[in-house]
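Take a look at the structure set out below.
When reading the values below, keep in mind they use all heavy atoms of this one structure, side chains included, and skip hydrogens, waters and symmetry mates.
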Amino acid sequence: MCISGSAFAQTPQYSPHIQVLAASCAACHGTDGNSVGGTPVLAGLDSLHFIRQMKAFRSGERPATVMQRHAKGLTEDEIVGLAAFFATQPRVAGKLPPSVKLEPSHDH
Amino acid sequence: MTIDRRNFLKLGSAAALLTGCSPLLRAAGRPKPRVVVVGGGYAGAAAAKYLKLWGGNTVDVVVVEPSSQFVSCPLSNLVLGGSKTIDDLTFSYAALKKNHDLQWVRDSVVAIDPERKKLVLGRSDFGYDKLILAPGVDFIYDALPGLESDAARKQVPHAWKAGEQTVNLRRQLESMPDDGVFVMSIPKAPYRCPPGPYERACQVAFYFKQHKPKARIIVLDANPEIVSKKGLFTKAWADLYPGMIDYRPNSAVIEVDVAGQTVMTEFESIKGDVLNVIPPQRAGIPAQLVQANNIDKRWCEVDFLTYESMVVPHVHIIGDAVSAALPKSAHMATSQARVCANAVLAALTEQPIDASPVFANTCYSYVSDHMAMHVANVYRYNQAKKIMLSAEGGGVSDAPSELEADYARYWAQNIWSDVLT
């Protein structure tokens, strides 16, 4: 089990705070930042770029529809933590769930 | 070699078994802890997925959900407007189940014994180590005489849970006379989806404007004013649908005469060709079964670090059923689900939990088929008050736009992907 030692060395340790906070971004940016389209893919994004964009949203230097609201609600430490989290997420293609026709029995 | 978190957890637990220094060792002789999630809506589906995503093989997850399909409430007002069909919003659970190795039980909860940690379902019984209820909302018809029967509720639909009810209301709007009157009512807040009723007025107006320009809409609101995005909706109604929407605040529906197609408020009786009464709401039935709905006998008080009920130990509650100063939205439901999933896993493995959760809410409303607007906030746990409070920077759009309608679509696609794959 010598691999467990190297696993500790290689696997970034996210605090539960950053892990849970990062997951809140999924509604618009997909699971672990793997957007299905439209919004930017955050998985694998360079952490410095992430931090710069968030700061630009905060200051208004980069105009946005909603991102300025989210950027202003976070602390600097949280932005740095999120940058590290997303930078280390593997890129996988986000997928839409399988569409089906509404069953007539589906009623509430 | 890169090792993702899931594999890391697997390796970690294997290493723990060998070294004997982890509480997981104690579980080695018996089955893995079992978490049962009741409800497969936004909150329940997200909780189940993230329990497995973060917990990997350390936990068994069972989902109990009576429906075979997921129908999205967000965007369902567009079915009334005609720019979406219900099938556009209907999905299978197949990918979620398969990708995350979830045990899926298509059944309803009949009884819960929180002391023995046992669930009685329609066709089987289930023991659990942790129970998460994502029960959604239940409609309170007690205070709406006239709507007792199923037939009455079909003729006067709520269409506040997407599915057959939505299709029913759309059909009624289609067969309404061209100069007819559509009457809809809004319950006192809190209710599911604060801006939803006002978006609905926009969507019905959008349909009328194209197909029945002489038709009118009467909105009876039990609240003293528009609950969410007030300025934006007022302006959208005036700009896009002038003269079509008659908004009446402080107008709670107290009775419905179904045969006479009339709704009564304290002050007046209003006849309509199509009626849509959105009843007041409370936590869904599974939460009522354990009497976790301790606030006004409607909503569930929870610990915002774990979403454990404040009155029923070891039962966690997430989503619209929770009593909170948080909007009852799909995004909020998924955020609560993930805080809860993290806390439940932390308790099972004796790991530290997030002691100061922060999450975001983004909610879009469509004012037509191609224009939308947002409300967005970050919410932060307040240590002193022990509740989630709005952080700085939140707010609403300056105006609806086509760009935001694109983002609303991306939001929907990504949240569907997040909770259902």
Value rounded to 0.5 Å, distance of [atom1] in [X] from [atom2] in [Y]:
{"X": "B:Y381", "Y": "A:H17", "atom1": "OH", "atom2": "NE2", "answer": "13.5 Å"}
{"X": "A:L21", "Y": "B:N342", "atom1": "CG", "atom2": "CG", "answer": "12.0 Å"}
{"X": "B:K49", "Y": "A:T31", "atom1": "NZ", "atom2": "OG1", "answer": "2.5 Å"}
{"X": "B:L89", "Y": "A:L102", "atom1": "CG", "atom2": "CG", "answer": "9.5 Å"}

Within 6.0 Å of NZ in A:K95, more than 12 heavy atoms from elsewhere
no
So what's closer than 4.5 Å to chain A heavy atoms on [X]: side chain, backbone, both or neither?
{"X": "B:V167", "result": "side chain"}
{"X": "B:S356", "result": "both"}
{"X": "B:L403", "result": "side chain"}
{"X": "B:N377", "result": "backbone"}
{"X": "B:R153", "result": "neither"}
{"X": "B:E404", "result": "side chain"}
{"X": "B:Y50", "result": "side chain"}
{"X": "B:N361", "result": "backbone"}
{"X": "B:D406", "result": "neither"}
{"X": "B:I86", "result": "side chain"}

In terms of heavy-atom proximity below 4.5 Å to chain B, should A:S35 be classed as side chain, backbone, both, or neither?
both
Heavy-atom cut-off 4.5 Å, strictly under: side chain, backbone, both or neither for A:Q89 against chain B?
neither
Distance-only, no hydrogens or angles: does the B:H331 side chain make a donor-acceptor pair with backbone N or O of A:S24 under 3.5 Å?
yes
Heavy-atom pairs under 4.5 Å with chain B: which of A:G37, A:C25, A:S99, A:A23 has the most?
A:A23
Heavy atoms only, distances under 4.5 angstrom: which of A:A27, A:S15, A:A26 has the most pairs with chain B? Name it, please.
A:A27
Which heavy-atom pair separates B:N414 from A:G30 by the least distance, and what is that distance?
OD1-N, 3.4 Å
Looking only at heavy atoms, what is the nearest atom pair of A:P16 and B:P352, with distance?
CG-O, 3.8 Å
Tell me, please, which residues at least two apart from A:V100 pass side chain to side chain contact (heavy atoms under 4.5 Å, CB included).
B:Q69, B:T90, B:S92
Test item: A:E103 and B:S68 side chains (from C-beta on) under 4.5 Å apart, heavy atoms
yes
For side-chain contact (heavy atoms from CB on, under 4.5 Å), just list the numbers for B:F359 and A:V20, CA-CA rounded to whole Å, side-chain angles, deciding distance to a tenth of an Å, and then say yes or no.
CA-CA 8 Å; B:F359 48 59; A:V20 173; 5.8 Å; no
Can you name the residues of residues 49-76 of chain A that have some heavy atom under 4.5 Å away from a heavy atom in chain B?
A:T65, A:V66, A:R69, A:H70, A:K72, A:G73, A:L74, A:T75
